[in-house]
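Since the structure comes first, as C-alpha coordinates, the remarks are kept for the end.
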Amino acid sequence: MPELPEVETTVKGLTVILNQKISNVKIHTPKLRFKIPNNIINILRNSKISNLRRIAKFIIIDLDTDYSLVIHLGMSGRLKTVNKSYKRIKHDHFVMYFLSKRILVYHDPRRFGFIDIVETKNLRKKKYILNLGVDALSPELSAQMIFEKISKSEVPIKQILLNQKLIAGIGNIYASEILFDSKISPLTLGKDLEISLIMKLIKSTRKILKKAVKYGGSSIRDFRSTDGTLGNFQSDFKVYNKEGKKIRGDEVRKIIQYGRSTFYCPKLQNNK
DNA sequence: CGTACGACCTGCCCGC
DNA sequence: TGCGGGCAGGTCGTAC
(Lines give C-alpha, C1' and ligand atoms only; values in the text may rest on other atoms or scores of the structure.)
Protein backbone atom coordinates (compact mmCIF):
# COMPACT_ATOMS: atom_id res chain seq x y z
CA MET A 1 0.00 0.00 0.00
CA PRO A 2 0.51 3.16 0.54
CA GLU A 3 2.82 2.98 3.50
CA LEU A 4 2.92 5.55 6.29
CA PRO A 5 4.14 8.49 4.15
CA GLU A 6 1.51 7.90 1.46
CA VAL A 7 -1.24 7.62 4.05
CA GLU A 8 -0.03 10.79 5.75
CA THR A 9 0.01 12.58 2.39
CA THR A 10 -3.49 11.33 1.66
CA VAL A 11 -4.78 12.60 5.01
CA LYS A 12 -3.24 16.01 4.38
CA GLY A 13 -4.91 16.09 0.99
CA LEU A 14 -8.27 15.53 2.64
CA THR A 15 -8.29 18.88 4.43
CA VAL A 16 -10.41 20.18 1.55
CA ILE A 17 -13.35 18.21 2.98
CA LEU A 18 -12.87 19.37 6.57
CA ASN A 19 -16.08 20.85 8.02
CA GLN A 20 -18.00 19.89 4.93
CA LYS A 21 -21.39 18.25 5.10
CA ILE A 22 -22.02 14.91 3.45
CA SER A 23 -25.11 15.00 1.24
CA ASN A 24 -24.99 11.50 -0.18
CA VAL A 25 -23.03 8.27 -0.23
CA LYS A 26 -22.87 5.54 -2.83
CA ILE A 27 -21.52 2.04 -2.40
CA HIS A 28 -20.71 0.57 -5.81
CA THR A 29 -18.89 -2.49 -4.44
CA PRO A 30 -20.35 -3.90 -1.21
CA LYS A 31 -17.37 -6.06 -0.35
CA LEU A 32 -13.77 -4.90 -0.39
CA ARG A 33 -11.44 -6.85 1.88
CA PHE A 34 -14.42 -6.91 4.24
CA LYS A 35 -18.03 -6.05 3.72
CA ILE A 36 -18.79 -2.36 4.06
CA PRO A 37 -21.21 -2.04 7.04
CA ASN A 38 -24.85 -1.70 6.04
CA ASN A 39 -25.55 1.26 8.26
CA ILE A 40 -22.72 3.35 6.86
CA ILE A 41 -24.89 5.39 4.50
CA ASN A 42 -27.36 6.39 7.18
CA ILE A 43 -24.61 7.33 9.58
CA LEU A 44 -22.63 9.35 7.06
CA ARG A 45 -25.47 11.22 5.39
CA ASN A 46 -25.97 14.75 6.75
CA SER A 47 -23.00 14.58 9.08
CA LYS A 48 -20.00 16.87 8.89
CA ILE A 49 -16.29 16.05 8.74
CA SER A 50 -14.89 17.35 12.02
CA ASN A 51 -11.36 15.99 12.08
CA LEU A 52 -8.84 14.04 9.98
CA ARG A 53 -6.02 11.89 11.29
CA ARG A 54 -3.81 8.90 10.69
CA ILE A 55 -3.28 5.88 12.90
CA ALA A 56 -0.44 3.82 11.43
CA LYS A 57 -1.67 3.08 7.90
CA PHE A 58 -5.31 3.78 8.76
CA ILE A 59 -7.09 6.95 7.71
CA ILE A 60 -9.52 8.18 10.36
CA ILE A 61 -12.23 10.62 9.33
CA ASP A 62 -14.04 11.85 12.44
CA LEU A 63 -17.60 13.10 12.08
CA ASP A 64 -19.43 15.70 14.13
CA THR A 65 -21.61 12.89 15.42
CA ASP A 66 -20.27 10.09 17.62
CA TYR A 67 -18.82 8.21 14.68
CA SER A 68 -15.60 7.87 12.74
CA LEU A 69 -15.06 6.58 9.23
CA VAL A 70 -12.03 4.28 8.98
CA ILE A 71 -10.30 3.66 5.67
CA HIS A 72 -7.41 1.32 4.96
CA LEU A 73 -5.92 1.51 1.47
CA GLY A 74 -4.59 -2.03 1.24
CA MET A 75 -2.10 -2.44 -1.60
CA SER A 76 -3.69 -0.38 -4.31
CA GLY A 77 -6.28 1.85 -2.64
CA ARG A 78 -6.44 5.60 -3.31
CA LEU A 79 -8.64 8.44 -2.26
CA LYS A 80 -9.28 11.16 -4.78
CA THR A 81 -11.16 14.38 -4.34
CA VAL A 82 -12.86 15.68 -7.44
CA ASN A 83 -15.36 18.36 -8.40
CA LYS A 84 -18.77 18.06 -9.95
CA SER A 85 -17.54 16.82 -13.32
CA TYR A 86 -16.85 13.39 -11.77
CA LYS A 87 -17.33 10.39 -14.03
CA ARG A 88 -17.09 7.06 -12.31
CA ILE A 89 -14.35 4.79 -13.63
CA LYS A 90 -13.51 1.13 -13.08
CA HIS A 91 -12.58 0.29 -9.47
CA ASP A 92 -14.25 3.37 -8.01
CA HIS A 93 -15.98 1.47 -5.19
CA PHE A 94 -17.22 4.05 -2.75
CA VAL A 95 -18.22 7.67 -3.30
CA MET A 96 -19.11 10.45 -0.86
CA TYR A 97 -20.86 13.55 -2.11
CA PHE A 98 -20.67 16.83 -0.23
CA LEU A 99 -23.05 19.78 -0.18
CA SER A 100 -20.20 21.90 -1.50
CA LYS A 101 -20.29 19.71 -4.66
CA ARG A 102 -16.93 18.24 -3.82
CA ILE A 103 -16.73 14.46 -4.16
CA LEU A 104 -14.52 11.92 -2.40
CA VAL A 105 -13.84 8.67 -4.25
CA TYR A 106 -12.32 5.44 -2.96
CA HIS A 107 -10.57 3.66 -5.83
CA ASP A 108 -8.91 0.27 -5.37
CA PRO A 109 -8.21 -2.24 -8.18
CA ARG A 110 -7.19 -5.12 -5.94
CA ARG A 111 -9.75 -4.46 -3.20
CA PHE A 112 -7.38 -5.33 -0.39
CA GLY A 113 -8.37 -2.19 1.46
CA PHE A 114 -11.46 -1.73 3.60
CA ILE A 115 -13.91 0.83 4.87
CA ASP A 116 -15.49 0.74 8.31
CA ILE A 117 -17.67 2.97 10.46
CA VAL A 118 -17.21 2.88 14.22
CA GLU A 119 -18.26 4.83 17.27
CA THR A 120 -15.33 7.12 17.92
CA LYS A 121 -15.09 6.11 21.55
CA ASN A 122 -14.75 2.47 20.50
CA LEU A 123 -12.15 3.04 17.81
CA ARG A 124 -9.21 2.00 19.97
CA LYS A 125 -11.04 -1.19 20.88
CA LYS A 126 -11.29 -2.36 17.30
CA LYS A 127 -9.02 -5.33 16.75
CA TYR A 128 -7.22 -3.81 13.79
CA ILE A 129 -6.29 -0.73 15.84
CA LEU A 130 -5.85 -2.39 19.22
CA ASN A 131 -3.13 -4.72 17.99
CA LEU A 132 -0.96 -1.99 16.51
CA GLY A 133 2.46 -1.29 17.97
CA VAL A 134 3.96 2.16 18.42
CA ASP A 135 3.77 4.41 15.37
CA ALA A 136 6.98 4.54 13.36
CA LEU A 137 7.04 8.34 13.65
CA SER A 138 6.06 8.51 17.31
CA PRO A 139 8.57 10.05 19.73
CA GLU A 140 7.64 7.16 22.00
CA LEU A 141 9.39 4.68 19.75
CA SER A 142 12.39 3.70 21.85
CA ALA A 143 15.36 1.44 21.24
CA GLN A 144 15.06 -0.06 24.70
CA MET A 145 11.46 -1.11 24.10
CA ILE A 146 12.20 -2.64 20.70
CA PHE A 147 15.30 -4.36 22.06
CA GLU A 148 13.26 -6.04 24.77
CA LYS A 149 10.67 -7.22 22.29
CA ILE A 150 13.03 -8.69 19.73
CA SER A 151 15.93 -9.89 21.85
CA LYS A 152 14.79 -13.49 21.52
CA SER A 153 13.44 -13.30 17.99
CA GLU A 154 14.73 -15.67 15.32
CA VAL A 155 13.05 -13.57 12.65
CA PRO A 156 15.18 -11.41 10.34
CA ILE A 157 14.97 -7.67 10.96
CA LYS A 158 13.43 -6.98 7.55
CA GLN A 159 10.43 -9.07 8.54
CA ILE A 160 10.34 -7.53 11.99
CA LEU A 161 10.04 -4.06 10.45
CA LEU A 162 6.93 -5.19 8.60
CA ASN A 163 5.29 -6.44 11.80
CA GLN A 164 2.65 -3.83 12.59
CA LYS A 165 2.21 -5.17 16.12
CA LEU A 166 5.71 -4.00 16.93
CA ILE A 167 6.22 -0.82 14.93
CA ALA A 168 3.29 0.44 12.89
CA GLY A 169 3.53 2.18 9.54
CA ILE A 170 6.52 0.67 7.75
CA GLY A 171 5.86 -1.33 4.59
CA ASN A 172 7.89 -3.31 2.11
CA ILE A 173 9.49 -0.40 0.26
CA TYR A 174 10.57 1.68 3.22
CA ALA A 175 11.81 -1.40 5.10
CA SER A 176 14.52 -1.86 2.47
CA GLU A 177 15.29 1.85 2.38
CA ILE A 178 15.53 2.12 6.17
CA LEU A 179 17.84 -0.89 6.43
CA PHE A 180 20.09 0.50 3.72
CA ASP A 181 20.27 3.86 5.46
CA SER A 182 21.18 2.26 8.77
CA LYS A 183 23.73 -0.08 7.14
CA ILE A 184 22.06 -3.10 8.68
CA SER A 185 21.68 -6.34 6.78
CA PRO A 186 18.05 -7.36 6.28
CA LEU A 187 19.08 -10.90 7.18
CA THR A 188 20.16 -10.02 10.73
CA LEU A 189 18.05 -11.87 13.26
CA GLY A 190 16.21 -9.85 15.86
CA LYS A 191 18.14 -11.47 18.71
CA ASP A 192 21.44 -10.46 17.12
CA LEU A 193 20.73 -6.72 17.05
CA GLU A 194 22.57 -4.82 19.75
CA ILE A 195 20.89 -1.83 21.25
CA SER A 196 23.26 0.57 19.50
CA LEU A 197 22.16 -0.82 16.14
CA ILE A 198 18.51 -0.54 17.10
CA MET A 199 19.11 3.12 17.92
CA LYS A 200 20.62 3.55 14.49
CA LEU A 201 17.66 1.78 12.94
CA ILE A 202 15.19 4.08 14.67
CA LYS A 203 17.16 7.14 13.57
CA SER A 204 17.03 5.95 9.96
CA THR A 205 13.34 5.14 10.26
CA ARG A 206 12.55 8.70 11.29
CA LYS A 207 14.86 10.20 8.71
CA ILE A 208 13.54 8.17 5.76
CA LEU A 209 9.84 8.41 6.65
CA LYS A 210 9.96 12.13 7.46
CA LYS A 211 11.69 12.84 4.21
CA ALA A 212 9.11 10.81 2.30
CA VAL A 213 6.30 12.70 4.03
CA LYS A 214 7.96 15.99 3.20
CA TYR A 215 8.11 15.02 -0.45
CA GLY A 216 4.46 14.10 -0.52
CA GLY A 217 4.70 10.34 -0.31
CA SER A 218 6.58 8.22 -2.71
CA SER A 219 6.44 5.68 -3.88
CA ILE A 220 5.25 3.56 -6.61
CA ARG A 221 5.36 5.29 -9.89
CA ASP A 222 1.65 5.95 -9.88
CA PHE A 223 1.07 7.08 -6.32
CA ARG A 224 -0.95 10.25 -6.38
CA SER A 225 -2.18 12.37 -3.57
CA THR A 226 -5.87 13.15 -3.42
CA ASP A 227 -5.70 15.99 -5.93
CA GLY A 228 -4.05 13.72 -8.48
CA THR A 229 -0.50 15.03 -8.26
CA LEU A 230 2.32 12.52 -8.18
CA GLY A 231 4.50 11.88 -5.16
CA ASN A 232 8.10 13.00 -5.57
CA PHE A 233 10.00 10.58 -3.41
CA GLN A 234 10.43 7.88 -6.02
CA SER A 235 13.56 9.49 -7.40
CA ASP A 236 15.01 9.15 -3.92
CA PHE A 237 14.87 5.39 -3.54
CA LYS A 238 18.36 4.16 -3.00
CA VAL A 239 17.83 0.41 -3.22
CA TYR A 240 14.15 -0.51 -3.71
CA ASN A 241 13.66 -1.83 -7.23
CA LYS A 242 17.30 -1.01 -8.02
CA GLU A 243 18.68 -4.49 -8.48
CA GLY A 244 22.11 -4.36 -10.13
CA LYS A 245 22.70 -0.69 -9.41
CA LYS A 246 26.20 0.11 -8.14
CA ILE A 247 26.52 2.03 -4.90
CA ARG A 248 30.01 2.90 -3.69
CA GLY A 249 31.45 -0.23 -5.23
CA ASP A 250 28.70 -2.49 -3.98
CA GLU A 251 25.83 -3.84 -6.02
CA VAL A 252 22.17 -3.85 -5.04
CA ARG A 253 20.85 -7.38 -4.68
CA LYS A 254 17.31 -8.62 -4.66
CA ILE A 255 16.36 -11.46 -2.36
CA ILE A 256 13.02 -12.91 -1.30
CA GLN A 257 12.18 -13.03 2.39
CA TYR A 258 8.87 -14.48 3.48
CA GLY A 259 7.62 -14.18 -0.06
CA ARG A 260 8.45 -10.49 -0.37
CA SER A 261 11.26 -8.70 -2.19
CA THR A 262 14.09 -7.20 -0.22
CA PHE A 263 16.73 -5.01 -1.85
CA TYR A 264 20.08 -4.43 -0.18
CA CYS A 265 23.82 -3.97 -0.59
CA PRO A 266 25.59 -6.96 1.01
CA LYS A 267 28.90 -5.22 1.61
CA LEU A 268 27.58 -1.84 2.72
CA GLN A 269 24.97 -3.32 5.01
CA ASN A 270 27.33 -5.12 7.32
CA ASN A 271 26.04 -3.92 10.69
CA LYS A 272 29.11 -1.80 11.39
C1' DC B 1 2.52 -19.01 22.01
C1' DG B 2 5.65 -17.69 17.65
C1' DT B 3 6.47 -18.68 13.01
C1' DA B 4 5.73 -19.70 7.90
C1' DC B 5 2.95 -19.59 4.18
C1' DG B 6 -1.10 -19.48 1.26
C1' DA B 7 -5.07 -16.67 0.28
C1' DC B 8 -7.42 -12.64 -1.06
C1' DC B 9 -7.73 -9.58 -6.07
C1' DT B 10 -6.59 -7.12 -10.58
C1' DG B 11 -3.24 -5.36 -13.71
C1' DC B 12 1.01 -5.21 -15.89
C1' DC B 13 5.21 -6.79 -17.81
C1' DC B 14 8.09 -10.22 -19.72
C1' DG B 15 9.33 -14.21 -22.34
C1' DC B 16 7.93 -17.56 -25.53
C1' DT C 1 -0.45 -10.72 -31.44
C1' DG C 2 -1.63 -13.83 -27.61
C1' DC C 3 -1.01 -16.40 -23.60
C1' DG C 4 0.94 -18.04 -19.24
C1' DG C 5 3.69 -16.98 -15.33
C1' DG C 6 5.36 -14.06 -11.99
C1' DC C 7 5.16 -10.06 -9.49
C1' DA C 8 3.09 -5.71 -7.07
C1' DG C 9 2.45 -0.79 -1.72
C1' DG C 10 -0.87 -5.35 3.03
C1' DT C 11 -2.80 -8.25 6.23
C1' DC C 12 -5.31 -12.27 7.86
C1' DG C 13 -6.33 -17.19 8.73
C1' DT C 14 -4.52 -21.59 9.24
C1' DA C 15 -1.32 -25.20 10.20
C1' DC C 16 2.46 -26.51 12.45
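A, B, ... follow the sequence lines: proteins, then strands. Residue 1 opens every chain.
Summary of the strand contacts: A/Gly259 and A/Phe34 both lie near DNA chain C, and taking for each the nucleotide with the nearest heavy atom, the more 5' one is attributed to A/Gly259.
For the P atoms, the distance from C/dC3 to B/dC9 is 24 Å, rounded to whole Å.
No hydrogens or angles considered: nothing links the side chains of A/Lys200 and A/Ser182 as a donor-acceptor pair under 3.5 Å. At a cut-off of 3.5 Å, with distance as the only test, a side-chain donor of A/Asp108 or A/Ser76 sits close to an acceptor on the other residue. Using modelled atom types and a 3.5 Å distance limit, the side chains of A/Ser47 and A/Asp64 yield no donor-acceptor pair. Residues A/Gln269 and A/Ser185 bring no donor and acceptor atom of their side chains to less than 3.5 Å of each other.
Atom CE in A/Met75 sits about 13 Å away from atom C1' in C/dG6, given to the nearest Å. If you take CG of A/Leu161 and C1' of C/dG10, they are 15 Å apart, rounded to a whole angstrom. Taking atom CZ of A/Phe112 as the reference point, atom C1' of C/dG13 lies 14 Å away to the nearest angstrom. A/Leu162 has its CG atom 7 Å from the P atom of C/dG10, to the nearest Å. Between the NZ atom of A/Lys149 and the C1' atom of B/dC1 there is a distance of 15 Å, given to the nearest Å. Atom NZ of A/Lys90 and atom P of B/dC9 are 15 Å apart (whole Å). Atom P of nucleotide C/dG10 and atom CD1 of A/Ile173 are separated by 7 Å, given to the nearest angstrom. One interatomic measurement links the two molecules: NE2 of A/His93 to P of B/dC8, which rounds to 17 Å at whole-angstrom precision.
For C/dA8, the base has no donor-acceptor partner in the side chain of A/Arg260 [N/O atoms by modelled type, under 3.5 angstrom]. The base of B/dT10 lies outside donor-acceptor range of the side chain of A/Arg111, with no N or O pair under 3.5 Å.
Annotation: salt bridge (charged side-chain N to carboxylate O under 4.0 Å, His left out) contacts of A/Glu194 (sequence neighbours excluded): none.
Nucleic acid contact class of A/Glu154 (heavy atoms, under 4.0 Å, all strands): sugar-phosphate only. When heavy atoms are screened at a 4.0 angstrom cut-off, A/Tyr258 is found touching the sugar-phosphate backbone but no base atom. Using a 4.0 Å heavy-atom cutoff across all strands shown, A/Gly171 reaches sugar-phosphate atoms only and no base atom.
Taking side-chain N and O atoms only, A/Lys57 has a distance below 4.0 Å to OP1 or OP2 of C/dT11. Distances shown here put a side-chain N or O of A/His72 below 4.0 Å from the OP1 or OP2 atom of C/dT11. OP1 or OP2 of B/dG11 lies within a sub-4.0 Å distance of a side-chain N or O belonging to A/His91. Using a 4.0 Å cut-off, no side-chain N or O of A/Lys254 falls inside it from OP1 or OP2 of C/dC7. Side-chain nitrogen and oxygen atoms of A/Ser261 include none within less than 4.0 Å of the OP1 or OP2 phosphate oxygen of C/dG6. Dashed line: the shortest gap from a side-chain N or O of A/Gln164 to OP1 or OP2 of C/dT11 is under 4.0 Å.
Using N1 to N3 plus N6-O4 or O6-N4 for Watson-Crick, or N1-O2 and O6-N3 for G-U wobble, each under 3.5 Å, B/dC9 pairs with nothing.
Closest to the A/Lys127 side chain, of the nucleotides C/dG13, C/dG10, B/dC9, is C/dG13.
In this structure, A/Phe58 has its ring center closer than 6.0 angstrom to the ring center of A/Tyr128.
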